[in-house]
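See below for the structure under consideration.
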Amino acid sequence: MNIRPNVVNFHFVDFCNYRCCYCFVNKINRMTSFLDIKLIVDNLADYFKQLLAPGRINLVGGEIFMCSYLQEIIDYINSKGIDVSIVTNGLLLTNEFLLNNVNKIKCIGISVDSLEYDTNIKIGRCCGKKVLTKDELINKCKIIKKLGYKLKINHCISKYNVNEDITKLLEKVDVDRFKIFQMSIVEGINDCCKNKQVTINEFRDASRKYLKYNPIIEEESEMKSSYLMIDSSGDFYIDRSDAPIGNVLEESFISLMGRAKLDDASFVKRYIQLQG
Ligand code: SF4
């Protein structure tokens, strides 16, 4: 492996306030304890120290705002000199949180699969009947930008939204990074949604309408070996459909990375635009 990745995705919480039918998170109602999070961050800090570029931990769920000690996690990661980014569905993202975390978080990612109420309800991107409306979403994105955060939008394409578009959002907000994913299947977790997956040609066609926003377009096959992921039990994966490489609570991350077979080209495509 030539690339030495400096971004690790930590899925420390399985809970979510949404219930997207194609969610690939193994929702077994688990959240990493703060004690274990500190051990994992310390382990990652040793790995990042070996790199020339600063490290970044991307906090992902489930939904990260379901965790009552999220702020403590962010502060602890910061105390180790590691950058933090987060991904959220946005419903529980508050102005107070944004005001408190300027200079603590490098990038805020929001997953947006549809701007339509009915589509979000069909997908399960809702808490009861509550969805984030287009105007609420635009407002939150504008505040994120006004406060100086980098803003990322993640957009997953499936049969539900393949004929829609979210340009009404992209026109109104200056997004720093826009990622489009082909909805992927992880056997045993979301395979019930196989019939909602778009073909590669449908995905490419649907992505084309966004080209003027310079998206990072990720086909299902490209996601397989470029996503460094630690789950809520500390298991470390490069490919979610494979067995874990090992556990970061039991082994040094440096040693785990020695066994990771990363697809360098996909990794560069995934992360290069957020460096620097
Ligand atoms: S918002 Fe994300 S984590 Fe939550 S159910 Fe949907 S896909 Fe899964």
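Ligands are counted one by one from 1 in listed order, and the atoms in each one are counted from 1 as well. Residue numbers run from 1 in the order of the sequence given.
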Give the numbers and elements of all ligand 1 atoms closer than 4.0 Å to a heavy atom of [X].
X: N89; value: 1 (S)
X: C20; value: 1 (S), 5 (S), 6 (Fe), 7 (S)
X: G62; value: 3 (S)

| task | Report the distance from atom NZ of K159 to atom OG1 of T199, rounding to the nearest 0.5 Å. | result |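 With rounding to 0.5 Å, NZ (K159) is 6.0 Å from OG1 (T199).
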| task | For the pair D113 and R125, evaluate salt bridge (charged side-chain N to carboxylate O under 4.0 Å, His left out) and give the outcome as yes or no after the intermediate values. | result | CA-CA 8 Å; D113 293 350; R125 292 192 64 80; 3.5 Å; yes
| For S111, is the nearest heavy atom under 4.0 Å from an atom of ligand 1? |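 S111: no contact with ligand 1 (<4.0 Å).
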| request: Report the residue from N214, I216, I166 that forms a side-chain contact (heavy atoms from CB on, under 4.5 Å) with F178. | output: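 The passing option is I166.
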| request: Using a 4.0 Å heavy-atom threshold (strictly under), name the region of C16 that reaches ligand 1: side chain, backbone, both or neither. | output: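 For C16, only side-chain atoms sit under 4.0 Å from ligand 1.
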| query | Can you say whether the rings of F253 and Y47 are parallel (under 30°), tilted (30 to 60°) or perpendicular (over 60°)? | reply |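 Perpendicular: the ring planes of F253 and Y47 meet at over 60°.
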| request: Identify the protein heavy atom lying closest to atom 8 (Fe) of ligand 1, giving its residue, its atom name and the separation to 0.1 Å. | output: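 Scanning the protein heavy atoms, the shortest distance from atom 8 (Fe) of ligand 1 goes to C23 SG, 2.3 Å.
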| Electrostatic pair E164-K209, nearest N-O below 4.0 angstrom |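 A salt bridge is absent here (no side-chain N lies under 4.0 Å from a carboxylate O).
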